[in-house]
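Since this is a predicted model, take the numbers as computed values, not measurements. The figures here come from the full heavy-atom set of this structure, side chains too, leaving out hydrogens, waters and symmetry mates.
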Amino acid sequence: MNSHSPALSDEHFMARAITLAARGLYTTMPNPRVGCVLVKEGQVIGEGFHRRAGEGHAEVNALAAADPAQVRGATAYVSLEPCSHHGRTGPCCEALVAAGIARLVVAMQDPNPAVAGRGIAFCEAAGIDVKVGVCEAAAKQLNAGFIKRMQRQQPFVRVKLAASLDGRTAMASGESKWITGPAARRQVQRLRARSSAIISGVDAVIADDSRLTVRESESGLSPEQAGPAPLRVVIDSQLRLPPAASMLSAEGRTLIFTTERREPQTHALTRAGAEVIELAAADDGHVSLAAVLSYLASTESCNEVLVESGAGLAGAFMAQQLVDELVIFMAPTLLGSTALPLFDMKLAQMSEQQRLIISDVRAVGDDWQIIARPA
């Protein structure tokens, strides 16, 4: 028997379930990342995690890894409430009940309003002792995008920027390769890999002929770890993206959001492989960024999106209060006063300043990574 107190034991095994869930960081989209640990008399008897949409859920994989005779009377630790609906796989709550578990410990309730609480209620109705809320904050952090999409029909918006120590992102000419070193660039590839979509403005794409793809050689991810190619999203109100742009010949899909499906540009871009989507213009005449995010959540089931662009688009996302997280890589270099800023934001007074809450600062190679969120 485990000599720890029940509360400590629950947190210990749930931490393991969340660690397992994180192994699906790059692959589970549009599903949440979920881990499951089966415990009997203080010993792990089976564990599993959800790897890809359409494949086995964490609970089913954990049950498959365990001796069925041992599962009877065991405790199941699951980082997200067991599903109660019939999708491409059967309901996990039914599988747990059928397996004969005696106790269920859940980190967080399913954020989908249509199903929230049903898996828990099903298990309770079957006589299983259920405890909810163990390591809840860590579970929510792992699935912040899925939660936001379920509750608010918007994806989690992460803005990535690379800057010099004096807060500059490119020379006045637009030249920006490379401010940061290889370790920071590897981290950026991993940010891309965990995202459902990468969003950029047409000016930045034209300036760098960006492909907005995950470079496997740089990311360090094995084919088994890597998920589907993220959607490439270009904000292009005037349809100025050239049909010869490199991204249009890359693997995966490119969505171009515009305010008007102009011809012959639309025809040329469509022939080149792009999908041109017309959305209403915002008050400034540009594509409504809020409408883009809603489209990506509702039509494309995007949980997390990464904004990689210049100061203009980054500033627009900030000004419109659409940013959930900033990831800023600062390099030990100075680019000078004529270089371009991190954000193009027309703030005139100190009272207009945008306060941030910094949650993490760490060295990445020779650079510094700062993670912050708007206050």
### Donor-acceptor pair between Glu275 and Thr254 side chains, under 3.5 angstrom
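No - no donor-acceptor pair under 3.5 Å links their side chains.
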### Message
Do Gln70 and Arg72 pair up side chain to side chain, a donor and an acceptor below 3.5 Å, judged on atom types alone?
### Response
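Looking only at side-chain atoms, Arg72 and Gln70 do not form any donor-acceptor pair under 3.5 Å.
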### Message
Applying side chain to side chain donor-acceptor pair (under 3.5 Å) to Asn61 and His50, what does each step give before you reach the verdict?
### Response
CA-CA 8 Å; Asn61 291 339; His50 180 48; 5.7 Å; no
Kindly work out whether a path of hydrophobic side-chain contacts (I/L/V/M/F/W/Y, heavy atoms less than 4.5 Å apart) joins [X] to [Y].
X	Y	value
Ile328	Leu340	no
Leu356	Leu342	yes
Met330	Leu334	no
Val39	Val132	no
Leu96	Val34	yes

Using only atom types and a distance under 3.5 Å, with no angle test, would you say the side chain of [X] pairs donor to acceptor with the backbone of [Y]?
X	Y	result
Glu352	Ala348	yes
Thr169	Pro341	yes
Lys148	Pro155	yes
Glu308	Ile198	no
Thr258	Ser237	yes
Asn303	Pro30	yes
Glu263	His267	yes
Asp208	Ser210	no
Asp324	Val157	yes
Thr213	Arg215	no

#### Entry: ring pair (Phe, Tyr, Trp, His ring centres under 6.0 Å) involving Tyr295 - partner list, sequence neighbours excluded
Phe257
### Task
Give a yes/no verdict on a cation-pi contact between Arg185 and Trp178, requiring under 6.0 Å between NZ or CZ and the six-membered ring centre and an angle within 45° of the axis.
yes
### Query
Do NZ/NE/NH1/NH2 and the carboxylate oxygens of Arg211 and Asp209 come within less than 4.0 Å?
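Between Asp209 and Arg211 there is no salt bridge, as every charged N stays at least 4.0 Å from the carboxylate O atoms.
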### Message
Taking the basic N atoms (NZ, or NE/NH1/NH2) and the acidic carboxylate oxygens, is any pair closer than 4.0 Å for Arg149 and Glu304?
### Response
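Result for this pair is no, no salt bridge flagged.
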### Query
Can you list the residues that meet the salt bridge (Lys or Arg N to Asp or Glu O under 4.0 Å) rule with Glu216, with sequence neighbours excluded?
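Per chain and number, Glu216 pairs via salt bridge (Lys or Arg N to Asp or Glu O under 4.0 Å) with no residue.
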May I ask you to check whether over 12 heavy atoms, not counting those of [X], lie within 6.0 Å of atom [atom1]?
X	atom1	answer
Gln141	CD	no
Arg52	CZ	yes
Lys140	NZ	no
Asp166	CG	yes
Arg373	CZ	no
Gln321	CD	no

Considering only heavy atoms from C-beta outward, does the side chain of [X] approach that of [Y] to under 4.5 Å?
X	Y	value
Glu325	Val159	no
Thr333	Leu165	no
Leu289	Leu313	yes
Gln354	Pro374	no
Lys131	Leu104	no
Ile199	Ser309	no
Arg33	Arg23	no
Ser298	Gln153	no

Could you tell me which non-hydrogen atom of [X] sits nearest to which non-hydrogen atom of [Y], and how far apart they are?
X	Y	value
Val106	Met14	C-CE, 3.7 Å
Met247	Arg232	O-NH2, 3.1 Å
Leu63	Ala99	CD2-CB, 3.7 Å
Phe343	Leu326	CZ-CD2, 3.8 Å
Arg240	Val202	NH2-CG1, 3.2 Å
Gly119	Cys93	O-CB, 3.8 Å

### Query
Under the salt bridge (charged side-chain N to carboxylate O under 4.0 Å, His left out) rule, what pairs show up with a residue in residues 113-130, not counting sequence neighbours?
Arg103-Asp129
### Query
When rounded to the nearest 0.5 angstrom, what distance separates CZ in Arg192 from CD in Gln189?
5.0 Å
#### Entry: Phe13 and Tyr77 aromatic ring geometry - parallel, tilted or perpendicular at 30°/60° bounds
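Because their plane-to-plane angle lies in the 30° to 60° range, the rings of Tyr77 and Phe13 count as tilted.
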### Task
Could you walk me through whether Ser79 and Leu142 pass the side chain to side chain contact (heavy atoms under 4.5 Å, CB included) test, one step at a time?
CA-CA 10 Å; Ser79 61; Leu142 185 62; 5.7 Å; no
### Task
Let me see the working for Glu300 and Ser196 under side chain to side chain donor-acceptor pair (under 3.5 Å), right down to the final yes or no.
CA-CA 9 Å; Glu300 298 294 345; Ser196 306; over 6 Å; no
### Query
For Leu293 and Leu322, what are the C-alpha separation, side-chain angles and deciding distance, and is it a side chain to side chain contact (heavy atoms under 4.5 Å, CB included)?
CA-CA 9 Å; Leu293 295 177; Leu322 298 172; 4.1 Å; yes
### Task
Take Val305 and Arg158 through the test side chain to side chain contact (heavy atoms under 4.5 Å, CB included) and record every step on the way to the result.
CA-CA 6 Å; Val305 299; Arg158 184 178 285 115; over 6 Å; no
### Query
Step by step, would you call Met108 with Glu81 a side chain to side chain contact (heavy atoms under 4.5 Å, CB included)?
CA-CA 6 Å; Met108 62 171 286; Glu81 175 183 359; over 6 Å; no
